Amino acid sequence: MTNETLQTNFETLAVSSKDNIVTLQLNRGKANPINRQMINDLHTFFEQATNDEDVNGVIMTGKQHFFSSGLDLKQLYDMNEEDVKEFWVAFMKMTKVIASFPKPLIAAITGHSPAGGCVLAVCADYRVMAEGNYIIGLNEIPVGIVVPKVIFDLYAFWIGNKTAYQYLLEGKLISPSEAKEVGLVDEVVAADKVLAHAEEKMEDYANFDGKTWSLSKSNLRGGMLAGMNMDNLDEILEPMLKQWWSPRTRSILKMIVASLTK
C-alpha cells in the first residue's frame with residue numbers, strides 16, 4: 001500500500017483531522033444533495049484515505065437537520081441518456097469504494113438521510129443519528145427508481161433480508177427511534193451530541209490493533225462486497241436506466257423537481 005497525502009480542498013466536502021482521525025463533512029448547500037461533483041469528491045477522498053497511513057479512521061457527518069437529502073434529482077432530471085448512465089455508474093463505483101473502506105468509518109447522521117443519504121450511511125461500520133423529526137431509509141421505488149440488488153444487499157446487511165425487502169418495496173422512510181429498533185442505526189442521541197458520540201465510538205475502535213481490525217472487517221463484509229461486482233455494471237443498471245426514461249417515472253420525477261424548486 002502506498003502512502004498518499006490526503007487532499008483537503010474539495011468542492012463539496014469539508015475535511016479536518018485530529019489525532020489521525022478525519023472528520024469528513026458533507027458540505028453542499030443546506031441539504032447536501034448528492035450531485036456528480038460530490039460523487040467524484042467522495043470517491044477521491046476514500047481512495048486517498050485508504051492509502052494514507054496517517055488516517056486511522058473517518059467520521060462522516062452532515063449539517064444541522066440534514067446528513068444528505070439524497071441524489072440531486074434536479075441535476076439528474078435534466079441530464080441526457082449518456083450523462084444519466086455515467087452518473088449512475090459513478091454512484092455505484094463510489095458506493096463500492098466507501099463500503100470497501102478498510103478502516104473504521106462512522107456515520108454521524110445529523111438529520112434527514114433518505115435515499116442516497118441512507119446509502120452513504122449504511123456504508124459505515126456504525127451509525128449515530130440525531131433524535132428528532134427526521135427520516136432515514138430507501139424510498140427509491142415510490143420515486144420511480146429501480147433498486148439494484150447491490151443496494152438491497154448493503155441495506156439488508158444491517159437490517160436483514162426480510163425487513164430490507166419489505167421496506168424497499170414500500171419505499172419506507174422511518175424515524176430515528178424506528179431505525180434504532182430495526183438496527184439501521186446504532187445510537188440515537190440529542191442533535192448536539194451526535195459528533196461527540198461518534199468520536200467516542202471511534203476511540204473504542206482505535207484501541208484495537210489496526211491491521212487485525214481491518215482484516216476482520218474485510219472478512220466480515222466479504223460476501224456483501226463480492227456481490228458489488230463493478231465488472232457487470234451495464235447489466236446491473238440496464239433495468240434502472242430503462243425505467244428511468246419511462247413516461248411514468250419521468251412524470252414522478254418532474255413533480256418532485258417542481259416541488260424542490262418552489
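Remember, it's a predicted structure, so these values are computed and weren't measured experimentally.
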- Query: Is the side chain of D52 donor-acceptor paired with the backbone N or O of L6 at a distance under 3.5 Å, no angle test?
  - Reply: yes
- Message: For a 4.5 angstrom cut-off between non-hydrogen side-chain atoms, does N40 reach Q37?
- Response: yes
- Task: Only counting residues at least two apart or in another chain, list the ones meeting side-chain contact (heavy atoms from CB on, under 4.5 Å) with S17.
- Result: V22
- Of all pairs that satisfy side chain to side chain donor-acceptor pair (under 3.5 Å), the ones with a partner from residues 69-82, not counting sequence neighbours: R28-D72
- Message: Tell me which pairs pass ring-ring contact (aromatic ring centres under 6.0 Å, His included) where either residue lies in residues 158-177, with sequence neighbours left out.
- Response: none
- Message: List the residues meeting side chain to side chain donor-acceptor pair (under 3.5 Å) with N219, not counting sequence neighbours, and say none if there are none.
- Response: none
- Could you grab the distance from atom NZ of K254 to atom CD1 of I252, nearest 0.5 Å is fine? 13.5 Å
- Query: Any idea how W88 and F91 line up, ring-wise: parallel (<30°), tilted (30 to 60°), or perpendicular (>60°)?
  - Reply: perpendicular
- Message: If the condition is side chain to side chain donor-acceptor pair (under 3.5 Å), which residues does Y155 pass it with, not counting sequence neighbours?
- Response: none
- Message: Closer than 3.5 angstrom, by distance alone: can the side chain of K63 be matched with the main-chain N or O of G29 as a donor-acceptor pair?
- Response: yes
- Message: Grouping I, L, V, M, F, W and Y whenever their side-chain heavy atoms are under 4.5 Å apart, do M240 and L73 come out in a common cluster?
- Response: yes
- Message: If I take atom CG from residue D186 and atom NZ from residue K201, how far apart are they, to the nearest 0.5 angstrom?
- Response: 7.5 Å
- Query: For L220, which residues count as a side-chain contact (heavy atoms from CB on, under 4.5 Å) partner, sequence neighbours excluded?
  - Reply: none
- Any chance you could measure L168, atom CG, to T163, atom OG1, to the nearest 0.5 Å? 10.5 Å
- Query: Under a single-linkage definition using a 4.5 Å side-chain heavy-atom cutoff for Ile, Leu, Val, Met, Phe, Trp and Tyr, are W245 and M255 assigned to the same hydrophobic cluster?
  - Reply: no
- Value for CD (E199) from OG1 (T23), rounded to nearest 0.5 Å, stands at 6.0 Å
- Query: Rounded to the nearest 0.5 Å, how far apart are CG of N20 and NZ of K18?
  - Reply: 12.5 Å
- Measure the CG-CZ distance between L71 and R36 for me, rounded to the nearest 0.5 Å. 12.0 Å
- Query: Is there a path of hydrophobic side-chain contacts, each under 4.5 Å between heavy atoms of I, L, V, M, F, W or Y residues, that connects M228 with L42?
  - Reply: yes
- Hey, any chance L173 and I145 share a hydrophobic cluster, counting ILVMFWY side chains that come within less than 4.5 Å of each other, even indirectly? no
- Message: For D41, is there any backbone N or O sitting under 3.5 Å from a side-chain donor or acceptor partner on T44?
- Response: no
- Query: When you check the side-chain N and O atoms of N56 and K103, is any donor under 3.5 Å from an acceptor?
  - Reply: no
- Closest non-hydrogen atom pair, N161 against A156: OD1-CB, 3.3 Å
- Where at least one partner belongs to residues 10-63, residue pairs that pass ring-ring contact (aromatic ring centres under 6.0 Å, His included), sequence neighbours excluded: F46-F101
- Query: Which residue pairs satisfy the salt bridge (charged side-chain N to carboxylate O under 4.0 Å, His left out) criterion with at least one member in residues 150-167, sequence neighbours excluded?
  - Reply: K149-D153
- Side-chain (N32) to main-chain (N27) donor-acceptor, under 3.5 angstrom: yes
- Message: Filter on side chain to side chain donor-acceptor pair (under 3.5 Å), then keep only pairs touching residues 202-211, sequence neighbours left out; what's left?
- Response: D209-T212
- With sequence neighbours left out, write down each residue that passes side chain to side chain donor-acceptor pair (under 3.5 Å) with E178, or none if nothing qualifies. S175
- Do the side chain of S214 and the main chain of G210 share a donor and acceptor less than 3.5 angstrom apart? no
- Quick one: list whatever passes side chain to side chain donor-acceptor pair (under 3.5 Å) with D234, sequence neighbours left out. K85
- Message: Grouping I, L, V, M, F, W and Y whenever their side-chain heavy atoms are under 4.5 Å apart, do L237 and I34 come out in a common cluster?
- Response: yes
Under 3.5 Å, sequence neighbours excluded: what are the donor-acceptor pairs made by side chains of residues 118-144?
{"from": "D125", "atom 1": "OD1", "to": "K217", "atom 2": "NZ", "distance (Å)": "3.1"}
{"from": "D125", "atom 1": "OD1", "to": "R221", "atom 2": "NH2", "distance (Å)": "3.2"}
{"from": "D125", "atom 1": "OD2", "to": "L105", "atom 2": "N", "distance (Å)": "2.8"}
{"from": "D125", "atom 1": "OD2", "to": "K217", "atom 2": "NZ", "distance (Å)": "3.0"}
{"from": "Y126", "atom 1": "OH", "to": "E187", "atom 2": "OE2", "distance (Å)": "2.9"}
{"from": "R127", "atom 1": "NE", "to": "L184", "atom 2": "O", "distance (Å)": "2.6"}
{"from": "R127", "atom 1": "NH1", "to": "A121", "atom 2": "O", "distance (Å)": "2.9"}
{"from": "R127", "atom 1": "NH1", "to": "A124", "atom 2": "O", "distance (Å)": "3.0"}
{"from": "Y134", "atom 1": "OH", "to": "H65", "atom 2": "ND1", "distance (Å)": "2.7"}

